[in-house]
Amino acid sequence: MIVFENVTKQFNKLKVLNSVNLKLEKGECIALIGPNGCGKTTIIKSLLGMVIPSSGNIFFNDMSILKNIVYREKIGYMPQIGRYPENMTIGQVFNMVKEIRQYKGKLDEELFFQFELDKILNKKMRTLSGGTTQKVSASLTFLFNPEVLILDEPTAGLDPLASELLKNKILSEKQRGKLILITSHLLSELDGLVSQIIFMHEGNILFKKSLFDLKLETKLDKLSDSIVYLLKKNKI
């Protein structure tokens, strides 16, 4: 579904992606992890068209995304920190995004109602807590029923109940055959959620493994323990 072919990105003399090759398939829920500055954000921004690779190509359903914006309609993106017009209300933000998208299908408002955003539509964005802003971001991400979901630290700032609601939604969308890419520093949040692990280091893909194979290889049950084991083994 999504293929990175020899994708390199260089900012002046700093090479942040080094000939990255990746294949991401439907029905996978993938954790993209690695230390700060390893290239995770650049991978995501390249996929979203916010960063243009210095060389290489990215394909979405066999079509290059370079000089193409139509594919973005099939992606739902939840940023780590959502930024919205401060003077707009929650209701105005949703109406604005709906007008921009002009989506003709059935809206997926499950999270919108589970988070009870319908009860606080008149609250202005500047008055919201970080957790409520995250709920707005999550609800918008799923709203247009995208084929691909990119979630950057999705549970950050959410209370335990909201976090569980979001996790259940992610699992539901995975079962529907969608491709889900998650970045998170909280490895404990990913156990039971993801099926694949991509670990990046200094602009390279150190490994891409299924969660099953990773735990089998390390003989450890927890994802966090397995990752630590491999890092020590590779002296990182």
Side-chain angles (χ1 to χ4, degrees), residues 1-2 24-32 44 47-48 60-61 70-85 88-184 186 188-196 211:
M1 183 173 192
I2 295 175
L24 312 176
E25 300 284 4
K26 291 181 180 180
E28 291 183 342
C29 186
I30 304 168
L32 178 61
I44 290 174
L47 180 53
L48 294 172
F60 189 103
N61 288 339
V70 177
Y71 78 96
R72 297 178 197 173
E73 296 178 355
K74 301 181 185 298
I75 296 178
Y77 172 53
M78 181 179 176
Q80 182 176 356
I81 300 175
R83 303 190 185 281
Y84 305 95
M88 293 184 75
T89 65
I90 292 176
Q92 289 170 334
V93 167
F94 273 86
N95 288 336
M96 175 186 70
V97 176
K98 289 175 185 177
E99 286 184 22
I100 292 171
R101 286 295 298 268
Q102 293 293 305
Y103 180 67
K104 303 300 182 184
K106 183 179 180 181
L107 296 174
D108 183 348
E109 297 179 306
E110 183 177 14
L111 281 181
F112 175 80
F113 288 110
Q114 286 183 338
F115 289 153
E116 299 186 340
L117 295 179
D118 56 309
K119 298 179 180 179
I120 54 172
L121 289 178
N122 292 324
K123 278 198 171 185
K124 295 205 170 185
M125 297 304 297
R126 68 168 181 266
T127 68
L128 303 184
S129 66
T132 303
T133 302
Q134 280 288 86
K135 293 176 181 179
V136 170
S137 294
S139 301
L140 287 170
T141 300
F142 290 85
L143 187 62
F144 303 105
N145 198 24
E147 294 179 18
V148 177
L149 294 156
I150 301 175
L151 312 174
D152 190 0
E153 301 284 351
T155 59
L158 291 179
D159 60 72
L161 175 58
S163 181
E164 286 305 308
L165 289 172
L166 179 55
K167 288 180 188 177
N168 288 336
K169 182 63 175 175
I170 292 170
L171 288 172
S172 173
E173 296 304 283
K174 174 187 171 185
Q175 291 170 359
R176 293 179 61 197
K178 296 188 178 183
L179 168 60
I180 304 168
L181 187 63
I182 304 175
T183 69
S184 179
L186 298 174
S188 60
E189 294 279 337
L190 301 174
D191 260 318
L193 198 60
V194 301
S195 55
Q196 300 277 334
L211 185 61

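Starting from 1, each residue takes its place in the sequence as its number.
Atoms CD and CD, on Gln134 and Glu153 in that order, are 9.5 Å from each other to the nearest 0.5 Å. Interatomic distance, CG of Leu181 versus CG of Asp152, reported as 9.5 Å (0.5 Å rounding). Atom OG1 of residue Thr127 and atom CD1 of residue Ile90 lie 7.0 Å apart, to the nearest 0.5 angstrom. Atom CD of Glu173 is separated from atom CD1 of Ile180 by 6.5 Å, given to the nearest 0.5 angstrom. Note that the CZ atom of Phe94 and the CG atom of Leu121 stand 8.0 Å from one another [nearest 0.5 Å].
Side-chain atoms of Leu111 and Leu143, non-hydrogen and from C-beta on, never get closer than 4.5 Å to each other. Side-chain contact between Leu166 and Leu158 is present, with at least one heavy-atom pair separated by less than 4.5 Å. Side chains of Phe115 and Val136 form no contact here, defined as non-hydrogen atoms less than 4.5 Å apart. Val148 is not listed as a side-chain neighbour of Tyr77, based on a closest heavy-atom distance of 4.5 Å or more. A 4.5 Å side-chain heavy-atom check between Lys174 and Cys29 finds at least one atom pair inside the cut-off. For the pair Ser195/Leu211, no side-chain contact is recorded, criterion being any heavy-atom separation below 4.5 Å from C-beta on. By the 4.5 Å heavy-atom criterion applied to side chains, Arg176 and Asn145 are counted as neighbours. Within the 4.5 Å cutoff, the side chain of Ile170 has heavy atoms near those of the Leu151 side chain.
A side-chain contact (heavy atoms from CB on, under 4.5 Å) with Ile150 is found for one member of Leu179, Ile75, Thr183 and no other, namely Ile75.
Contact between Gly76 and Pro146 at its shortest, heavy atoms only, is N-CB, 3.4 Å. Scanning both residues, Val194 and Ile30, for their nearest heavy atoms gives CG1-C, 4.2 Å.
Checked by atom type and distance alone, the side chain of Glu189 never pairs as donor or acceptor with a backbone atom of Thr155 at under 3.5 Å. In this structure, the side chain of Thr133 engages the main chain of Ser129 through a donor-acceptor pair within 3.5 Å. Proximity of a side-chain donor or acceptor of Arg101 to a complementary backbone N or O of Glu73 within less than 3.5 Å is detected. In terms of modelled atom types and a separation under 3.5 Å, the side chain of Glu28 and the main chain of Glu25 share a donor-acceptor contact. Of the possible donor and acceptor atoms, one in the side chain of Asp108 sits under 3.5 Å from a partner among the backbone N and O of Glu110. Between the side chain of Thr141 and the backbone N or O of Ser137 there is at least one donor-acceptor pair closer than 3.5 Å.
No side-chain donor from either of Thr89 and Asn122 sits under 3.5 Å from a side-chain acceptor of the other. Remark: the Asn61 side chain and the Lys26 side chain contain no N/O donor-acceptor pair separated by less than 3.5 Å.
In the displayed structure, Lys123 atom NZ is contacted under 6.0 Å by at most 12 heavy atoms of other residues, nucleotides or ligands.
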Derivation of the side chain to side chain contact (heavy atoms under 4.5 Å, CB included) call for Gln196 and Leu24: CA-CA 10 Å; Gln196 300 277 334; Leu24 312 176; over 6 Å; no

Step-by-step salt bridge (Lys or Arg N to Asp or Glu O under 4.0 Å) determination, Glu147 to Lys178: CA-CA 5 Å; Glu147 294 179 18; Lys178 296 188 178 183; over 6 Å; no

Intermediate values then yes/no, side chain to side chain contact (heavy atoms under 4.5 Å, CB included), Met96 and Met88: CA-CA 10 Å; Met96 175 186 70; Met88 293 184 75; 4.0 Å; yes

Ile182/Leu149 under side chain to side chain contact (heavy atoms under 4.5 Å, CB included): CA gap, chis, key distance, verdict: CA-CA 8 Å; Ile182 304 175; Leu149 294 156; over 6 Å; no

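Taking the six-membered ring where tryptophan is involved, the planes of Phe144 and Tyr103 are perpendicular, since the angle between them exceeds 60° and thus also 30°.
Residues Phe112 and Phe142 keep their aromatic ring centres 6.0 Å or farther apart.
With respect to Glu116 and Lys135, no salt bridge is recorded, no charged nitrogen being found less than 4.0 Å from a carboxylate O.
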